[in-house]
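Please read the structure below before turning to the comments.
The figures here come from the full heavy-atom set of this structure, side chains too, leaving out hydrogens, waters and symmetry mates. Each chain gets a letter, A, B and so on, in the order its sequence line appears, and its residues count up from 1.
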Amino acid sequence: MSDLLANLNDPQLQAVTLPPQHALILAGAGSGKTRVLTTRIAWLISSGQCDPAAILAVTFTNKAAKEMLARLSTMLPINTRGMWIGTFHGLCNRLLRAHHRDAGLAQLFQILDSADQLAAIKRLLKTLNIDDEKFPPRELQHFINAQKEAGLRPDAVEAWDDYTRRRVELYREYEGQCQRESVVDFAELLLRSYELLERNEPLRRHYQRRFRHILVDEFQDTNRLQYRWLKLLAGGDPPACLFCVGDDDQSIYRFRGAEVGNMRDFEREFHVANVIRLEQNYRSHGNILDAANAIIRHNAGRLGKNLWTEQGAGEPIRVFEAFSDADEARWIVEEVQQLVRDGALRSDIALLYRSNAQSRVLEHALFSAGIPYRVYGGLRFFERQEIKHALAYLRLIANPDDDTAFARVVNFPTRGIGARSIEVLQDAARTYNTSLYATVPHLTGKPGTTLAQFVRLIEDLRRETARLPLPELVDHVLERSGLRDHYKAEKEGRERLENLDELIGAAANFVAESQADPEALAADHALLADFLAHASLEAGEHQAEQGMDAVQLMTVHAAKGLEFDAVFLSGLEEGLFPHENSILEAEGLEEERRLMYVAVTRARKRLYLSFAQSRMLHGQARYNLRSRFLEEIPEPLTRWLTPPKPRGNAATGFGGYYEPPRGAFATRPAAPAVPSRREEGGLHIGQLVSHARFGQGVIVAAEGSGANACVQVNFGASGIKWLKLAVAKLEPC
DNA sequence: GGCACAGTGGTTTTT
DNA sequence: CCACTGTGCC
């Protein structure tokens, strides 16, 4: 256990060993956030303070959840499978599967990803004969999701104008459609499980009693509903301890519902006494951090943080002014080549930009120079057309009422079912109020016959695969559906075929990882439903062109959480970064600035900033001013590679002229050898004790024996103290 | 059912 | 400028 706490800095140690109270950890970029989160969990369990089953840890991405589990299993010799660690959506899915009846859902309900949801909305508009010019599907999708994230069902939405009233009606219709089809979109996962817990008191009590510690990663990214969900779960009697880790300065997802205000609200509503700042950065050199600090200082209403490092100032930040975007790209390529010549790994170099369109010039320049590169952000595995098609067949096996899946493959590969037949079918489905699949038997005539053949195909598939292990099931469906033949016949179908084979691999992987008994689950296709949920919830890695050492290209958003030795940040121009759509509102501009902060803090050793006098945008040359964010970096931190025009002198030279700020942190005394778990007097590491003056605390370490015996106690808001047992009166509690 | 053409719009994105 | 959507024709 002493290993667990070794090498933590003071604030980290404090955070990890806090007594069971609510806590807000303000974790700066590169300050060891994930480490604190996972060590906290390991500490709670290994010190015997709580059972693994009493922990709920929630993240935003599958990647983060996986990393947490991986790290945890190296720290603890326990099986992490029973633990509730996952994404908000993943945990909600788990909850809804376990209580599908109470939640009003079919056992094998399907999950719609954003694309599926959009398709479902388009289909809805079509069946209702509504002009999609007047109600753009995308806008409607956004509207519906916004209502759900506000916790509002159609009845609760206040509509003051005809347009909104109409949209609310469509929201209601959409809900009806989803319910009929037994499908659930992303926002619905959250809202449904929120409502389930809210309405079902015994169930709520059960989970409130069970989860004693709720830990939240990237708390600044939570939306309103997620915050309410956490409040509900933590609000039992006694309440659970909420341990929220986040960085308000790195909140860059406001545009999709994230509410930085949740951090302040949390502190206020929960009377959080423990606000701990992790400000020591282990990633970047001093100049880079100082630039980041200087930039973010221009934002108002921050919770406040200042990053520092024990590393030196390092090199100055290089700034380059180009004539054009092409010129900028050419320069970047030259610098990259130089770095590589100097021994840098290409994969340690990142080219960042504000918007995807900017990658084009960079790619062109890299390609011409023959430098291997990799662009993040393309299609992901489960989003590919051929995979979606295969999944649609699988979904129909699990749930024939899934009209989205039905519509997708009823005529793919083509089997003579045209738009006309589908229209007839949809009308009939509307009349009978049944799913497309269930409506087929009602049809007569030729469309009825061909559609019936399709239904028979699905039914055959269900029967034939009932006892097959998942990978073989998938294989069989690929063959029998005609998908494989279709892509075999296609000229460009080679890669798609490979992807389809990879889907079998993904299924095999899933079975292995879920450690479930495939035999037991295969019978009723429950494992299949789990796999489909997995496919919807985790779109897979951003397509990796693995193998080759390649320069990394991505948007600043995509770079969050990553780090590189050298970072090129291009297009630092007004209108681009900050983006023109964000400049008008203060809120928008501040988010852009946070984005800039994120970008800068990606760099470990070297940071290059560049902008161009002219840039091709939408087929026209644009002349932008250089970004205000550039002006916000103190001059002594930079070195201009081109003469800085309106801003006076060129750089002073290389590092050495600048001392990084040092916190007034004494080095923590070497961790004392911690005695065995059980100490004399019933005191042990992790033991909850109370002190007349300092209140409740947790024993973190102990040393000495007899009259000299001392323990180190973390009293949370009152700090960490060494106490002599002979002197201090500590009551176990 | 698939291809050619016109038209449109064009931050950021995970689940 | 370019990528994507929808329409219309064969």
Q: Indicate whether OP1 or OP2 belonging to B:dT13 is found under 4.0 Å from a side-chain N or O atom of A:R354.
A: no

Q: Would you mind reading off the distance between A:Q620 atom CD and C:dC2 atom P, rounded to a whole angstrom?
A: 14 Å

Q) Is the A:H557 to A:F255 ring centre distance short of 6.0 Å? A) yes

Q.
Between B:dT13 and C:dC4, how many Å separate the two P atoms, rounded to a whole number?
A. 15 Å

(Q) For the base of B:dT12 and the side-chain ring of A:Y253, does the geometry meet a stacking cutoff of under 5.5 Å between centres and under 30° between planes? (A) no

Q: Classify the nucleic acid contact of A:E592 as base, sugar-phosphate or nothing, counting any heavy atom under 4.0 Å across all strands shown.
A: base

Q | Span that lies between the P atom of C:dT5 and that of B:dT12, in whole angstrom | A | 15 Å

Q: Take the protein atom CD of A:E383 and the nucleotide atom P of B:dT14, then report the distance between them rounded to whole Å.
A: 8 Å

Q) Side-chain donor or acceptor of A:T555 under 3.5 Å from a matching atom on the base of B:dT11? A) no

Q. Over how many whole Å does the gap from A:N411 atom CG to B:dG1 atom P extend?
A. 5 Å

Q. Within the structure shown, what part of the strands sits under 4.0 Å from A:F88 by heavy-atom distance: base, sugar-phosphate, or nothing?
A. nothing

**Q.** Distance, rounded to the nearest Å, where A:E363 contributes CD and C:dA3 contributes P
**A.** 11 Å

Q: Can you figure out which of B:dT13, B:dG2, C:dC2 approaches the side chain of A:T414 most closely?
A: B:dG2

Q: Could you tell me whether the phosphate oxygens of B:dT11, OP1 or OP2, come under 4.0 Å of any side-chain nitrogen or oxygen in A:N356?
A: no

Q. Ring stacking, A:H579 with base of B:dT11, under 5.5 Å and under 30°?
A. yes

Q) Under the 6.0 Å and 45° cation-pi test, does A:R256 pair with A:Y253? A) yes

Q. Hey, what's the ring geometry for A:F412 with A:H389, parallel, tilted or perpendicular (30° and 60° as the breaks)?
A. parallel

Q: Between B:dG1, B:dT15, B:dT13, spot the one nearest the side chain of A:T87, thanks.
A: B:dT15

**Q.** Whole angstrom value for the distance that separates P of B:dT11 from NE2 of A:H142
**A.** 16 Å

Q) In whole angstroms, how far is the P atom of B:dT15 from the CD atom of A:Q226? A) 12 Å

**Q.** Centroid-centroid under 6.0 Å between A:F60 and A:H89 rings
**A.** no

Q | Between P of B:dT13 and CE of A:M554, the distance in whole Å | A | 11 Å

**Q.** Closest approach of A:I252 to A:R594 (non-hydrogen atoms, all atoms of both residues)
**A.** CG2-C, 4.1 Å

Q. With a 4.0 Å cut-off on heavy atoms, is A:F60 in touch with a base, just the backbone sugar-phosphate, or nothing at all?
A. sugar-phosphate

Q: To the nearest Å, give me how far apart CZ (A:R138) and P (C:dT5) are.
A: 8 Å

Q. Which part of the nucleic acid, if any, lies within contact of A:S582, taking any heavy atom under 4.0 Å across all strands shown: a base, the sugar-phosphate backbone alone, or nothing?
A. base

